[in-house]
Protein chains: 2
Amino acid sequence: MTSTMKVLSNASNYGLRALLYIVSRERGGDAYISLGEISEELDISFHFLTKTMQLLTQGGILVSYRGPNGGIALKRPAEEIMLIEVVKILEGKDFFDTCMLGLEGCDDCNPCPVHHLWREIKGKVKHDFATTSLAMMGQRINEQNLRLIP
Amino acid sequence: MTSTMKVLSNASNYGLRALLYIVSRERGGDAYISLGEISEELDISFHFLTKTMQLLTQGGILVSYRGPNGGIALKRPAEEIMLIEVVKILEGKDFFDTCMLGLEGCDDCNPCPVHHLWREIKGKVKHDFATTSLAMMGQRINEQNLRLIP
DNA sequence: AATAAATAAGACAAAATAGTCTGAAATCCG
DNA sequence: CGGATTTCAGACTATTTTGTCTTATTTATT
Ligand code: SF4
Ligand code: SF4
């Protein structure tokens with residue numbers, strides 16, 4: 001029993017929360033932000049977060065810099081990074097293409113009994129993630145003072 | 001990497017598919033249907049399916065009968081069994097109450113940054129599962145000849 | 001050059017999920 | 001009664017996910 005409707009893995013949760021922390025934190029210029037700070041602020045295991053962020057670095061979302069005052073930073077403008085890209089890196093490219101009953105070889109012509117329900121839901125999730133940028137989220141977080149921790 | 005947007009556990013997948021198989025299969029009266037048949041028809045591990053269906057029996061969805069020509073059957077009319085009840089038994093009662101970033105102590109007044117997106121999605125999922133009965137699904141499956149296997 | 005601060009890499013462990021197997025109990029039928 | 005068929009119960013294993021730890025590498029500072 002999972003006991004919660006878990007759509008994203010913990011890795012994705014952490015990755016998204018970390019990115020949202022970065023974009024929501026106002027900062028002078030393009031300074032790097034350390035994984036230590038993020039893991040502490042968001043109360044996420046440092047090493048696990050590190051592994052996750054490495055995937056995002058390898059995936060072209062982040063750049064990293066070692067040494068004192070090093071850390072990570074967005075590789076591209078926050079306006080250009082959509083949530084869907086992040087999730088695809090952390091969950092897999094076809095994350096948004098399959099689904100509820102987990103059957104294979106699905107399309108609209110060969111649907112399972114819940115496809116009509118799932119199609120809508122999946123469509124909305126995919127659309128939301130594809131049209132929401134990190135910049136939009138950062139602005140929203142600051143304007144409405146939203147939280148990233150329990 | 002999960003690589004698929006997995007909302008339900010395998011146990012729920014199997015449980016739902018098994019129930020849908022039962023309601024879609026036209027049959028004389030209220031005969032029991034054996035787990036062996038279901039596991040074979042749906043290509044699901046017999047023992048794993050057995051454990052899952054036991055949860056549904058204990059949860060008041062099914063009745064079972066041992067011995068030759070025994071098996072399982074719906075305890076109540078298919079019209080009265082909503083999908084949400086099945087999922088709550090197999091995933092946990094609060095399955096439909098939490099979500100995407102997996103934070104705690106959430107409500108609309110204390111939202112995380114993706115709450116506005118998730119609220120809608122979660123609402124639709126919950127609504128769909130709460131208003132769809134096994135009978136509706138069975139009828140749909142037969143009318144449109146929908147599949148329960150890959 | 002030495003030290004410290006930071007990410008990179010990957011081995012390792014723990015926990016959750018998924019799946020397998022064996023034996024017991026109930027039931028039918030001959 | 002005795003054997004066949006079926007669910008029930010629970011131990012056991014395997015796989016995936018999650019988390020921890022250790023070591024190496026890069027960079028800045030003194
Ligand atoms: S038919 Fe649709 S809902 Fe069903 S398993 Fe395939 S993609 Fe998912
Ligand atoms: S605020 Fe809403 S979307 Fe965010 S973790 Fe809580 S219930 Fe989920």
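Here is how names work: the chains are called A, B, and so on, in the same order as the sequence lines, proteins then strands, and each is numbered from 1. For the numbers below, each heavy atom of this structure counts, side chains included, while hydrogens, waters and symmetry mates do not.
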field: Atom pair distance, as rounded to whole Å: CD in B:E37 and P in D:dT5
entry: 16 Å

query: Which nucleotide sits closest to the side chain of A:P68: C:dA4, D:dT7, C:dC28?
result: C:dA4

task: Check DNA chain C against residues 10-19 of chain B and give the residues with a non-hydrogen atom under 4.0 Å, in numerical order.
output: B:N10, B:Y14

query: According to the ring pair (Phe, Tyr, Trp, His ring centres under 6.0 Å) rule, which pairs have a member within residues 40-64 of chain A, sequence neighbours left out?
result: A:Y14-A:F48

- prompt: Does a nitrogen or oxygen in the side chain of B:S45 sit under 4.0 Å from OP1 or OP2 of C:dT20?
  reply: yes

message: From C-beta outward on A:S64, which listed nucleotide comes closest to its side chain: D:dA28, D:dT6, C:dT7?
response: C:dT7

statement: In short, A:L117 meets B:K124 closest at the heavy-atom pair O-CE, 4.4 Å

message: List the residues meeting side chain to side chain contact (heavy atoms under 4.5 Å, CB included) with A:D108, not counting sequence neighbours, and say none if there are none.
response: A:H115, A:R119

task: Keeping the roles fixed (side chain from B:R17, backbone from A:L101), state whether a donor-acceptor pair exists under 3.5 Å.
output: no

Using distance only, find each side-chain donor-acceptor pair of residues 53-73 of chain B under 3.5 Å and give its atom names and separation, not counting sequence neighbours.
unit_1, atom_1, unit_2, atom_2, d
B:T57, OG1, B:M53, O, 3.0

- request: Over all heavy atoms of both residues, which pair between B:A18 and B:I38 is shortest? Give the atoms and the distance, please.
  value: CB-CG2, 3.8 Å

task: Return the value, rounded to whole Å, for the distance between atom CG of B:L49 and atom C1' of D:dT6.
output: 14 Å

message: Using whole Å, what does the distance between atom C1' of nucleotide C:dC12 and atom CZ of A:F48 come to?
response: 15 Å

message: Please report the distance, rounded to the nearest Å, between CG in B:L90 and P in C:dA18.
response: 11 Å

For nucleotides 9-13 of chain D, print each protein N/O atom paired with a nucleotide N/O atom at under 3.5 Å, atom names and distance only.
unit_1, atom_1, unit_2, atom_2, d
D:dA9, OP2, B:Q58, NE2, 3.4

- request: Apply side chain to side chain contact (heavy atoms under 4.5 Å, CB included) to A:S12 and list each qualifying residue two or more places apart in sequence or on a separate chain.
  value: A:L8, A:S9, A:L90, A:E91

- prompt: Quick one: B:I44 CD1 to C:dT20 P, roughly how many Å, whole number?
  reply: 12 Å

- line: note: B:I61, atom CD1; D:dT7, atom P; distance rounded to Å ~ 18 Å

- request: Measure the distance from CG on A:L35 to P on D:dT27 and round it to the nearest whole Å.
  value: 16 Å

statement: Rounded to whole Å, the CG-P distance (B:D43 to C:dG19) equals 11 Å

- prompt: Between the side chain of A:T132 and the main-chain N/O of A:F129, is any donor-acceptor distance below 3.5 Å?
  reply: no

message: Taking only side-chain N and O atoms of A:Y65, does any of them lie within less than 4.0 angstrom of OP1 or OP2 on D:dA28?
response: yes

- prompt: Closest heavy-atom contact between A:G138 and A:V23?
  reply: CA-CG2, 3.8 Å

